[in-house]
Amino acid sequence: MFDFDHVVDRRGSWCTQWDFVADRFGHADLLPFTISDMDFATAPCVIAELHRRVAHGVLGYSRWQHDDFLSAIAHWYQQRFAVNVSPEQIVYGPSVMYMVAQMIRHWSQPGDGVVIHTPAYDAFYKTIEGNQRKVLALPLQRHGAEWQCDMTGLARLLARDECKILLLCNPHNPTGKVWRRQELEHIAALCQRHHVQVISDEIHMDMVMDEVQHIPWSQVGSDRWALFTSASKSFNIPALTGAYGFISDQPDRLAWFQALKNADGLSSPAVLSVAAHIAAYRHGSAWLDALRRYLHDNLHHVAQRLNQAFPELNWQPPQATYLAWIDLDPLHIEPYQLQKGLIEEQKVAIMPGYTYGQHSESYIRLNVGCPRSKVDDGLTRLIAGLTRCRAARLK
Ligand SMILES: Cc1ncc(COP(=O)(O)O)c(C=O)c1O
């Protein structure tokens, strides 16, 4: 019904993925598997709604606090997660990371600590440190294909005086971990005990590939929390700019509106983003499910080809996200040398693990949100790069 094999040429559309690959990788002529957006056109129902709204022609100031938007969110949460949302808790913002940053400023002071699980999405470090807060890193522990949280280590960090916030990534980028209810409840109890506020970034919530279920933080709660998300990852519309979320307590919400409307002068949402969210959440389920199946198959394709070339990797697809987080440690490859070979010889851009934290040098993050033909091309280049690198080491 939906053709995800279809290749759309994104070059010349000012896209970060292709047109600005040189910014990060130094060369412009690379096949990119980098920033987490997809090479697919968004859902037909979203495109149709955007056409309709643009055809109206008037794009004046707008609002988001209306039933069309709020009930579309409630509908999505009910349909996808069997969760009843509290519409009065809903807030809106230009992007998930903007909302995270705003909440960090609200719940902490410069010099305070924010706990994150590492490896972490690189913007987490930037936002915490860019706001003069301290990263309190808790390494996730890998047991086979599963990633686990060291609850004793977490309790120790949360107990520190300087620790004010836990910034959770649920599901987790880059490992693809889907947090289980029991783990979330344990974390909530620890945060409650130590009066640590929780910000849950759930932008990857729709991209769960396995049998496991995404559990929104609102289901486990804790004292005070904020959950931020968007349809931007799932429906590939981040450049429309628009995100939303839930803030548990009214005083925090009032402070939020004060910060956005008065301090930052942000009153009107991006109307095309609001329209896209409504269309996606009302009519986008079938497209999203077909997309998830395609991405699931992409990830299994990566596993099949990579493990065939290098059985010692025994790479397993993640529980969530279209990001393949691959540990190359068994190949004993020098990461900077590998990047040089991938960029200069294979002409491919794949995120190096060190982007996501100190102890991830042996990893790469391959974004497979693209047609299978591109995944195959990328895999061929990656396998060639790894083979050359390994041969150089063995010489
Ligand atoms: C965990 C996570 N949060 C936030 C974002 C970015 O969201 P936004 O562009 O809405 O700030 C990303 C994008 O990769 C992400 O992976």
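Remember, it's 1-based here, ligands and their atoms both numbered in the order they're listed.
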**Q** Would you mind checking which non-hydrogen protein atom is closest to atom 7 (O) of ligand 1, with the distance to 0.1 Å?
**A**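 Protein heavy atom at minimum distance: Ile203 CD1, 3.2 Å.
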**Q** Please write down residue, atom name and distance for the protein heavy atom closest to atom 11 (O) of ligand 1.
**A** Met97 N, 2.9 Å
**Q** Measure from atom 16 (O) of ligand 1 to every heavy atom in Asn170, Thr229, Asn173, Asn367 and give the option owning the shortest one.
**A**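 Going through Asn170, Thr229, Asn173, Asn367 one by one, Asn173 has the nearest heavy atom to atom 16 (O) of ligand 1.
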**Q** Using 30° and 60° as the class limits, which term best fits the ring planes of Trp179 and His117: parallel, tilted or perpendicular?
**A** tilted
**Q** Is the charged tip of Arg372 near the ring of Tyr294: under 6.0 Å from the six-membered ring centre and within 45° of its axis?
**A** yes
**Q** Could you tell me whether ligand 1 has any atom less than 4.0 Å away from a heavy atom of Cys169?
**A**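 Yes.
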**Q** What do you reckon, are the aromatic ring centroids of Trp315 and Phe310 less than 6.0 Å apart?
**A**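 That pair fails the under 6.0 Å test.
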**Q** Does the ring center of Trp256 lie less than 6.0 Å from the ring center of Phe228?
**A** yes
**Q** Compute the ring centroids of Phe246 and Tyr77, then answer whether they are less than 6.0 Å apart.
**A**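 Judged by ring-centre distance (under 6.0 Å), Phe246 and Tyr77 do meet the cut-off.
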**Q** With His214, which of Arg80, Gln319, Glu202 fulfils side-chain contact (heavy atoms from CB on, under 4.5 Å)?
**A**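 Of all the options given, the one that passes is Glu202.
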**Q** Could you find the nearest protein heavy atom to atom 10 (O) of ligand 1 and give me its residue, atom name and distance?
**A**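 Nearest neighbour among protein heavy atoms for atom 10 (O) of ligand 1, to 0.1 Å: Val96 N, 2.8 Å.
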**Q** Taking distance alone, with N or O pairs closer than 3.5 Å, would you say Phe124 contacts ligand 1?
**A** no
**Q** I need the contact type for Asp201 against ligand 1. Using non-hydrogen atoms and a strict under-4.0 Å cut-off, is it side chain, backbone, both or neither?
**A**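 For Asp201, the contact with ligand 1 is made by the side chain alone.
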**Q** Looking at Asp19 and Gly12, would you say the former's side chain and the latter's main chain have a donor-acceptor pair under 3.5 Å?
**A**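 Here the side-chain-to-backbone pair exists.
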**Q** What is the closest protein heavy atom to atom 15 (C) of ligand 1, and at what distance does it sit?
**A**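 Closest protein heavy atom to atom 15 (C) of ligand 1: Tyr121 CE2, 3.4 Å.
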**Q** Look at atom 13 (C) of ligand 1 and say which protein heavy atom is nearest, naming residue and atom and giving the distance to 0.1 Å.
**A** Lys233 NZ, 2.7 Å
**Q** Out of Pro174, Ser95, Ala123, Ala243, whose heavy atom sits nearest atom 9 (O) of ligand 1?
**A**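 When every heavy atom of Pro174, Ser95, Ala123, Ala243 is considered, Ser95 comes closest to atom 9 (O) of ligand 1.
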**Q** Just to check, does His204 reach to within less than 4.0 Å of ligand 1 when the distance is taken from its heavy atoms?
**A** yes
**Q** With ring centroids as reference points, do His172 and Trp325 lie under 6.0 angstrom apart?
**A**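 So the answer is no for these two rings.
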**Q** Can you check whether Ser36 has an N/O within less than 3.5 Å of an N/O in ligand 1?
**A** yes
